Amino acid sequence: MGFGGEVAGFYQRYRRGYPAEVIDGLVSAFELTRDDVVVDLGCGTGQLALPLAERVRAVIGMDPEPDMLAEARRVAADRSNLSWMVGSDADVSVLGALLGKECLGAVTIGQALHWMDHDTLFHALHPLLRAGGGVAVVTNGTPLWLQDSDWSRALRRHLELWLDSEVTATCGTDPDSRTRYAESLSAAGFTVNQRQFHYTDVLDLDHIIGGVYSALPVNLLPPLDQRSYFAKQVGRALEGHAPFDERIDVTLLTGTRSARG
């Protein structure tokens with residue numbers, strides 16, 4: 001997908017983690033315990049995997065980008081109950097072969113489902129989950145360029161000029177995507193629930209630029225000799241729009257496997 005190399009480093013540095021109340025909500029939804037194994041699919045550099053590992057027996061982080069996993073390993077070097085596997089949603093059958101049926105307490109997908117074939121995936125995951133376990137689809141805020149603020153709109157205009165194309169990707173955070181995911185979970189036999197959490201943050205220019213870099217494929221990153229110019233141009237585009245306040249809406253969409261299977 002082009003999100004290796006430098007992008008993995010930007011992802012680790014600039015992508016925010018999840019508030020403790022979100023992790024609590026996820027653990028509560030599936031009654032996770034120290035006996036459970038969780039798979040974090042599309043794990044990136046471990047934003048969900050790391051805090052979950054503090055609450056369960058083991059977490060397997062799975063991602064198609066080896067560079068993302070290398071960053072995750074570096075950050076989690078002192079954690080013995082975290083392991084990392086190169087793979088995508090198309091490789092879920094491997095987990096069944098390795099671990100067996102009803103082996104998982106949960107499969108988490110943190111703002112990565114828009115890259116996956118969710119209809120096929122949810123059906124494939126169902127037999128791997130124990131009764132009461134399930135799938136959690138977690139979104140962690142709206143992309144920087146699609147927020148309801150003057151600074152976000154100014155950023156979007158600048159990015160569209162720089163990239164010479166519209167910048168409209170919601171990364172699965174929009175209501176229509178959540179509705180599709182919920183319907184797909186239900187069709188795969190899960191009982192669906194949704195909770196929302198909200199918090200606020202104030203960004204600086206460095207984090208806005210770094211956040212943009214973390215979302216671009218390597219081939220769309222500004223060349224090294226143009227990074228300083230790009231940063232100055234973003235600063236000019238956002239001039240007069242500070243402070244860069246951000247409201248982060250976290251959605252925890254869960255599909256639970258019933259005791260009847």
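What you are looking at is a predicted structure, and each value in this text was computed from that prediction instead of being measured.
Panel note: side chain Gln147, backbone Thr142; a donor-acceptor pair is recorded below 3.5 Å. Between the side chain of Ser177 and the backbone N or O of Thr173, no donor-acceptor pair lies under 3.5 Å. Using a distance-only test at 3.5 Å, with no hydrogens or angles considered, a donor-acceptor pair links the side chain of Trp145 to the main chain of Ala169. At least one donor-acceptor pair closer than 3.5 Å links the side chain of Asn140 to the backbone N or O of Gly17. Although no hydrogens or angles enter the test, the distance criterion places no donor-acceptor pair under 3.5 Å between the side chain of Asn193 and the main chain of Thr254.
Cluster membership for Val202 and Trp151, using ILVMFWY side-chain heavy atoms within less than 4.5 angstrom, is not shared. Leu155 is not connected to Leu161 by any chain of hydrophobic side-chain contacts under 4.5 Å among Ile, Leu, Val, Met, Phe, Trp and Tyr, and they are in different clusters.
Within the structure, every pair that satisfies the ring-ring contact (aromatic ring centres under 6.0 Å, His included) test and touches residues 152-179, not counting sequence neighbours, is listed here: His158-Phe230, Trp162-Phe230. Pairs passing the salt bridge (Lys or Arg N to Asp or Glu O under 4.0 Å) check and including a residue from residues 214-239, sequence neighbours excluded, read Glu6-Arg227.
Between Arg74 and Glu71, at least one side-chain nitrogen of the basic residue sits less than 4.0 Å from a carboxylate oxygen of the acidic one, meeting the salt-bridge criterion. In summary, Arg55 and Asp24 engage in a salt bridge, as defined by a charged side-chain N under 4.0 Å from a carboxylate O. Checked for salt-bridge contact, Arg247 and Asp201 miss the test: no charged N lies under 4.0 Å from a carboxylate O.
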Pair Leu144-Leu203, side chain to side chain contact (heavy atoms under 4.5 Å, CB included): steps then yes or no: CA-CA 10 Å; Leu144 294 172; Leu203 302 176; 3.6 Å; yes
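Taking both residues in full, the closest heavy atoms of Leu95 and Met62 are given as CD1-SD, 4.1 Å, listed atom of the first, atom of the second, then distance. Of all heavy-atom pairs between Arg156 and Leu146, the closest is NH1-CA, 3.7 Å. Nearest approach of Ala72 to Gly46, heavy atoms of both residues: CB-N, 4.3 Å. Heavy atoms only, all atoms of each residue included: Ala237 and Ala154 are closest at O-CB, 3.5 Å. Between Gln111 and Cys171, the shortest heavy-atom contact is CG-O, 3.9 Å. What you find for Gly42 and Ala112 is that their closest heavy atoms are O-CB, 3.8 Å.
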Show the atom names and distances, to 0.1 Å, of all donor-acceptor pairs under 3.5 Å that link a side chain in residues 205-218 to residues at least two apart or in another chain.
from   : atom 1 : to     : atom 2 : distance (Å)
Asp206 : OD1    : Tyr14  : OH     : 3.2
Asp206 : OD2    : Tyr14  : OH     : 3.1
His207 : ND1    : Asp204 : OD1    : 2.9
Ser214 : OG     : Arg15  : NE     : 2.7
Ser214 : OG     : Gly211 : O      : 2.7

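Here OG1 of Thr170 is found 9.0 Å from CG of Asp176. Values are rounded to the nearest 0.5 Å. Here the CG-CD distance, from Leu221 to Gln226, works out to 11.5 Å after rounding to the nearest 0.5 Å. To the nearest 0.5 Å, atoms CG (Asp119) and CG (Leu121) are separated by 9.5 Å. The line from CG of Asp245 to OG of Ser152 is 12.5 Å long, rounded to the nearest 0.5 Å. In this structure, the separation between CG on Leu125 and CZ on Arg257 is 11.5 Å, given to the nearest 0.5 Å. For the atom pair CE of Met116 and CG of Leu41, the computed distance is 4.0 Å after rounding to the nearest 0.5 Å.
Side-chain contact annotation: Thr45 with Gln47, donor-acceptor N/O pair under 3.5 Å present.
In this structure the side chain of Leu185 reaches within 4.5 angstrom of the side chain of Val135, judged on heavy atoms. Between Arg57 and Asp36, every side-chain heavy-atom pair lies at or beyond the 4.5 Å cut-off. At least one side-chain heavy atom of Leu99 sits less than 4.5 Å from a side-chain heavy atom of Leu104.
Residues satisfying the salt bridge (charged side-chain N to carboxylate O under 4.0 Å, His left out) test with Asp67, not counting sequence neighbours, are none. Glu21 pairs by the salt bridge (charged side-chain N to carboxylate O under 4.0 Å, His left out) definition with nothing, not counting sequence neighbours.
By the 6.0 Å contact criterion, CD on Gln196 is enclosed, its count of non-hydrogen atoms from other residues, nucleotides or ligands being greater than 12. Residue-environment remark: CG (Asp148) stays at or below the threshold of 12 foreign heavy atoms within 6.0 Å.
When hydrophobic side chains of Ile, Leu, Val, Met, Phe, Trp and Tyr are connected at separations under 4.5 Å, Tyr199 ends up clustered with Tyr18, Val22, Ile23, Leu26, Val27, Phe30, Leu32, Val38, Leu48, Leu50, Leu52, Val56, Val59, Leu69, Val75, Leu82, Trp84, Val86, Val138, Phe197, Ile248, Val250, Leu252.
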